[in-house]
Amino acid sequence: MMLGSAAHRTAAQSGVTRSPLLPGARPAVVRPCRASPVARSSLNSVDGEEWHKLSVEDIDSWAQNGPSTPLLDTVNFPVHMKNFNMQQLQQLCKELRSDIVHTVSRTGGHLSSSLGVVELTVAMHYVFNCPEDKFIWDVGHQAYGHKILTGRRKKMHTIRQTGGLSGFTKREESEYDAFGAGHSSTSISAGLGMAVGRDFKNKNNHVVSVIGDGAITGGMAYEAMNHAGFLDKNMIVILNDNQQVSLPTQYNEKNQAPVGALSGALSRLQASKPLRELREVAKGVTKQLPSEMQTMTAKIDEYARGMISGSQSSLFEELGLYYIGPVDGHNIEDLVSILEEVKSTETVGPVLIHVMTEKGRGYVPAEVAQDRMHGVVKFDPKTGQQFPGPSGKTMSYTNYFADSLTAEAARDNRIVAVHAAMAGGTGMSRFDKRFPDRVFDVGIAEQHAVTFAAGLACEGLIPFAVIYSSFLQRAYDQVVHDVSLQKLPVRFAMDRAGLVGADGATHVGAFDVTFMASLPHMVTMAPSNEAELINMIATAVAIDDRPSCLRYPRGSGIGVDLAAEGISKDLKGNPLEIGKGVVRREGKDVCLLAYGSAVNEALAAADILASGGVSATVIDARFCKPLDTKLIRSAAKNHAAMISIEEGAIGGVASHVMQFLCLEGLLDGGLKFRPMTMPDTWIEHGSYSDQLAMAGLTAAQIATQAMVTLGKMESKTIMNARR
C-alpha cells in the first residue's frame with residue numbers, strides 16, 4: 001500500500017516528472033513532484049512555524065510602493081509557477097498573501113476568505129492545468145488569489161468598482177473563471193454538470209469544486225453530492241473547512257485539535273494511488289459476487305476506511321464520494337502531494353478532500369478580529385483599523401431595522417427572528433445581544449429558513465424571516481407553497497433591496513416586488529426613510545392573519561426626526577394603515593408616484609421641475625399590495641401625466657398601478673402614464689450613484705422623463721440623460 005508513495009518520493013528525489021497535457025494545452029513544463037528530504041528539512045525551517053505571517057516589519061517595508069514580490073512578479077499566469085520548488089511555492093504564498101492585504105486595504109472588499117485559501121490556491125494552480133482543468137469557487141469571494149495568479153493582478157486595484165473587476169468569479173471576465181458564483185452552495189452541481197459534459201465530449205480534463213464549510217450547509221450541496229455519487233463521475237470536491245460561515249454568529253474558540261503530522265500522513269495514505277486503484281478493482285470483482293457477499297465486502301471496506309479516516313468520512317462515503325482528510329490547508333507540501341496523487345489516479349468516481357484552513361490566515365488583525373475581517377472597507381494594513389466612511393448622523397437601514405425589531409421584541413415575547421448565516425449582514429447580531437434565545441441562524445439554508453418560520457407561525461409565534469432580497473430568491477417555492485398558500489403570518493424583511501453598489505449583479509435586489517406582490521394574501525411594503533421603516537416593522541407585527549413583507553435598501557437613513565414622527569427612543573414604531581399611501585408634495589401638472597427609496601429621488605426631481613416651471617405632486621405609495629386605489633384614482637383624474645418610479649425590475653409597482661388604471665378606465669381619457677423601473681439588463685458592480693444613473697432612475701432622469709411626457713422636451717433627451 002505504501003509502495004506508491006515511496007516510489008513517488010523516490011521519483012521526486014531522483015528527477016522530475018512531466019505533467020501530461022490535454023489537447024490544446026500550453027507546452028509542457030517540467031517540475032518536481034515533491035521536495036527531496038533535504039529540501040523539506042530546509043523548507044520547514046524557513047521562519048520557523050510563522051513563515052506565513054505578515055509581520056509589522058514586512059508591512060512597514062511596503063511604504064507607498066507596496067510589498068516586495070519578486071516571485072509573484074514573475075507569475076502572470078499559472079504556467080509560470082510550474083517550475084517552482086517547494087521553498088519557492090512557500091515564498092509565493094507569502095507574497096500572494098501580502099499582495100491581497102495590500103490591494104484590499106486600498107479598495108475594500110472580501111479579505112479573510114481569500115487569505116485563508118492562499119496555499120490551496122497556489123497548490124491547485126501548481127498541480128492542475130487551469131483553464132483546461134475547471135476550477136469552481138464556492139463562493140467567489142475567496143478567489144482574489146486566483147484572480148491575481150490568472151492574469152488580473154494589474155487590475156486588482158479596480159475590484160468592485162465601476163468598470164473594474166468583479167468581487168466574485170465571472171465567466172465574462174476570464175477563461176479561468178469556469179463558473180460565476182456570488183451565491184453559495186452551487187459549485188458541486190455546476191462541477192458535476194461540467195464533468196458529465198466533459199465525458200459526453202470524450203475529454204479528460206479535471207473538474208475541481210471548492211466549497212466552504214458554510215456553503216456546504218446549503219441543501220443544494222447535498223443534493224449535488226447525492227447525484228454525484230449516483231453518477232460516479234470523476235470530479236474533485238475540496239471542502240474548505242475554516243469553522244466559519246460568511247458572517248459567523250458563533251465565533252469558534254479553536255477548541256478543535258490542530259491538524260498535525262498524523263492527519264497529514266493518514267490523508268496521504270488515503271490519497272495514495274495504489275489504495276484507491278485497489279479499491280476500484282475490488283469493487284469490480286465484488287459486483288460479480290452474490291448480493292450477500294457484496295454486502296459483506298462493502299462492510300469490510302467501510303470498516304477499513306474508518307480505521308484510516310475516522311468518523312468524518314462516513315457521511316460523504318454514504319453519499320458516494322471517496323473521502324480524504326482532514327488535510328492541513330496551510331501545508332503547501334501536503335496539499336501538492338495529495339492533489340498530485342488524486343490527479344494521477346485512474347479511478348472512477350467523485351473524491352472529496354477535506355481541507356482545514358484558518359480564515360484570515362497570516363494577517364494577524366484578521367486572525368484576531370471577531371468577524372475575521374470578512375468584508376471590509378479601506379483599512380490601515382499595519383493595524384487592520386478600518387477607515388470610517390463619510391460622517392453622518394444616521395445609522396444604516398440594517399441597524400434601524402435590527403434595533404426597531406429589538407424594541408418590538410421587548411414588548412412582545414412571541415417575536416422571533418430567523419436568518420440564514422447572515423447575522424452581521426442583516427443586523428441580527430444586534431438582536432442576538434438582547435434576545436439570544438429568540439434568534440435562529442439556520443445556516444446557508446434559505447429554503448429551510450422560510451418553512452421553519454412557517455412552522456413557528458403555526459404555533460402562534462411572530463416570526464421575522466430576515467433575508468437579503470437576492471437570497472430570498474433561493475426559497476421562492478417555500479414562500480409560495482408553505483407560506484402564501486396557507487396564509488401564514490410570516491414576516492419577510494428583505495434587506496439590500498434595489499441596487500447594492502460594489503456587490504453588483506449577483507446581489508442586486510431587483511426582483512422581490514415582482515415575485516412577492518404577485519402572491520395572494522401577501523402585504524407588500526417599502527419605506528422611503530428610516531421612520532417609515534420603523535413604522536412598517538410595527539405594521540408587520542400587527543398583521544397576524546396573512547403574510548407580509550417589507551424591502552429596504554443598503555445604505556444609511558436620510559436623517560428624519562424620529563421623535564417628531566412619534567417614534568420612541570428605543571425605536572418602537574407605530575402601525576400604519578394597511579394599503580394607505582401619503583402625498584409628500586402637492587402639485588398640479590404631473591404626478592410622480594414613487595415606491596420605497598425612489599421617493600427621495602422623486603422629491604429631488606420635483607425640485608428640478610419646479611425650477612423649470614412644472615408643478616409636481618409626489619406620492620409615497622408605501623404599499624404595492626394592497627394599493628391605495630383611492631389616492632391613485634384621485635391623482636389620475638387631477639393630473640395630465642403620471643409617472644411611477646421604483647428601484648426594482650419590470651413587473652413591480654408599475655404593473656399593479658397600470659392594471660388598476662386599465663380596469664378602472666382611467667387610461668381611456670387623456671392621462672399619460674409612464675413607468676420608470678430598472679432596465680431589463682444586469683447592472684454590474686460600481687458605486688451606487690453610477691448604478692442609479694445606469695438604471696435611469698436619478699432625480700435628473702426622472703425630471704427629464706416628466707418633461708418629455710408633458711411634451712416640454714423631445715424624447716431623445718431621455719436617451720441622452722441615461723448615458
Is Arg152 salt-bridged to Asp177, cutoff N-O under 4.0 Å?
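Asp177 and Arg152: salt-bridged.
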Applying side chain to side chain donor-acceptor pair (under 3.5 Å) between Thr617 and each of His639, Glu586, Arg585, report the one that passes.
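Only one option passes, and that is His639.
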Starting from the C-alpha separation in whole Å, work towards a yes-or-no answer on ring-ring contact (aromatic ring centres under 6.0 Å, His included) for His110 and Phe168.
CA-CA 9 Å; His110 293 99; Phe168 306 98; 5.8 Å; yes
Say whether, by atom type as modelled, one donor and one acceptor occur between the side chain of Arg551 and the main chain of Gly509 under 3.5 angstrom.
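Yes: the side chain of Arg551 pairs with the backbone of Gly509.
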Tell me every residue that passes ring pair (Phe, Tyr, Trp, His ring centres under 6.0 Å) with Phe673, counting only those two or more places apart in sequence or in another chain.
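Residues passing ring pair (Phe, Tyr, Trp, His ring centres under 6.0 Å) with Phe673: none at all.
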State, to 0.1 Å, how close Val450 and Ala475 come at their nearest heavy-atom pair, and which atoms those are.
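Reported closest heavy-atom pair: CG2-CB, 3.7 Å.
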Inter-residue atom distance Leu697.CG - Ile702.CD1, 0.5 Å rounding
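It is 6.5 Å, given to the nearest 0.5 Å.
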Just by modelled atom types, is the Phe387 backbone N or O under 3.5 Å from a matching donor or acceptor in the Lys378 side chain?
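It does not hold such a pair.
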Could you check whether Asp403 pairs with Arg430 (Lys NZ or Arg NE/NH1/NH2 to Asp/Glu carboxylate O, under 4.0 Å)?
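Result for this pair is yes, salt bridge flagged.
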Is there a donor-acceptor contact under 3.5 Å from the side chain of Arg491 to the main chain of Ala540?
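A pair under 3.5 Å: yes.
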What's the verdict on ring-ring contact (aromatic ring centres under 6.0 Å, His included) for Phe471 and His507, showing C-alpha distance, side-chain angles and the deciding distance?
CA-CA 8 Å; Phe471 293 167; His507 287 61; 5.4 Å; yes
Does a donor on one side chain sit under 3.5 Å from an acceptor on the other, for Glu408 and Ser404?
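Side-chain D/A pair, Glu408 to Ser404: absent.
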As a quick check of understanding, evaluate side-chain contact (heavy atoms from CB on, under 4.5 Å) for Asp628 and Arg622, giving each step before the final call.
CA-CA 9 Å; Asp628 189 338; Arg622 282 182 170 168; over 6 Å; no
Test: Arg160 and Asp503 ion pair at under 4.0 Å:
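Salt bridge between Arg160 and Asp503, a charged N being under 4.0 Å from a carboxylate O: yes.
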Minimum heavy-atom distance between Met428 and Val439, given as atom pair plus value
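Heavy-atom minimum between the residues: CB-CG2, 4.2 Å.
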Any salt bridge between Arg411 and Asp570, counting N to O under 4.0 Å?
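Yes, charged N to carboxylate O under 4.0 Å.
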Shortest non-hydrogen contact between Glu530 and Thr394, atoms and distance:
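Looking at all heavy atoms of both residues, the closest pair is OE2-CG2, 4.0 Å.
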Which heavy-atom pair separates Ile534 from Tyr400 by the least distance, and what is that distance?
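Smallest heavy-atom distance, with atoms named: CD1-CD2, 4.3 Å.
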Looking only at the side chains, is there a donor atom on one of Asp482 and Thr451 sitting less than 3.5 Å from an acceptor on the other?
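A pair is found: one side chain offers a donor N or O, the other an acceptor, under 3.5 Å apart.
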Any donor-acceptor N/O pair, Glu684 side chain to Thr162 backbone, under 3.5 Å:
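Looks like no, no N/O pair under 3.5 Å.
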Spell out, as yes or no, whether a donor-acceptor pair under 3.5 Å connects the side chain of Glu446 to the backbone of Ala420.
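Checked: no pair found.
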Does a sphere of radius 6.0 Å around CD in Gln659 hold more than 12 heavy atoms from other residues, nucleotides or ligands, not counting ones at 6.0 Å or beyond?
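No, CD of Gln659 has 12 or fewer neighbouring heavy atoms, counting only those of other groups under 6.0 Å.
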In sequence, state the C-alpha distance, the side-chain angles, and the governing distance for Leu488 and Cys458, and then conclude on side-chain contact (heavy atoms from CB on, under 4.5 Å).
CA-CA 7 Å; Leu488 291 172; Cys458 286; 3.8 Å; yes
Between the side chains of Thr398 and Arg496, is a donor N or O closer than 3.5 angstrom to an acceptor N or O?
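There is such a pair between these side chains.
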Between Val583, Val590, Leu592, Val582, which is the residue that forms a side-chain contact (heavy atoms from CB on, under 4.5 Å) with Val618?
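The residue from Val583, Val590, Leu592, Val582 that satisfies side-chain contact (heavy atoms from CB on, under 4.5 Å) with Val618 turns out to be Leu592.
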Test item: Gln705 side-chain N/O and Ile643 main-chain N/O as donor-acceptor pair under 3.5 Å:
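No.
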May I ask you to say whether Asp412 pairs ionically with Arg414, meaning some side-chain N is under 4.0 Å from a carboxylate O?
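Salt bridge present between Asp412 and Arg414.
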Minimum heavy-atom distance between Gln478 and Gln447, given as atom pair plus value:
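In this case the closest contact between Gln478 and Gln447 is OE1-CG, 3.3 Å.
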Within the distance-only criterion (no hydrogens, no angle test), does the side chain of Lys672 pair as donor or acceptor with the backbone N or O of Thr709 below 3.5 angstrom?
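At least one qualifying donor-acceptor pair exists.
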Thr158 and Gln161: side chain donor to acceptor below 3.5 Å
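The criterion, which ignores hydrogens and geometry beyond distance, is not satisfied for Gln161 and Thr158.
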Which atom of Phe431 lies closest to which atom of Ile415, heavy atoms considered
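Nearest pair, atom of Phe431 first, then Ile415: CZ-O, 4.5 Å.
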Between Ser396 (side chain) and Ser556 (backbone), is there a donor-acceptor pair under 3.5 Å?
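Pair absent, no side-chain N/O of Ser396 close to backbone of Ser556.
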Give a yes or no on whether the backbone of Pro547 and the side-chain of His521 come within a donor-acceptor separation of less than 3.5 Å.
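Between the backbone of Pro547 and the side chain of His521 there is no qualifying donor-acceptor contact (under 3.5 Å).
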If you measure from the Lys or Arg side-chain nitrogens to the Asp or Glu carboxylate oxygens, is any gap between Glu532 and Arg584 under 4.0 Å?
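Here Glu532 pairs with Arg584 in a salt bridge, since their nearest N and O are under 4.0 Å apart.
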Can you check whether Gly573's main-chain N or O pairs, donor with acceptor, with Asn535's side chain at less than 3.5 Å?
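Side chain of Asn535 to backbone of Gly573: no pair is present.
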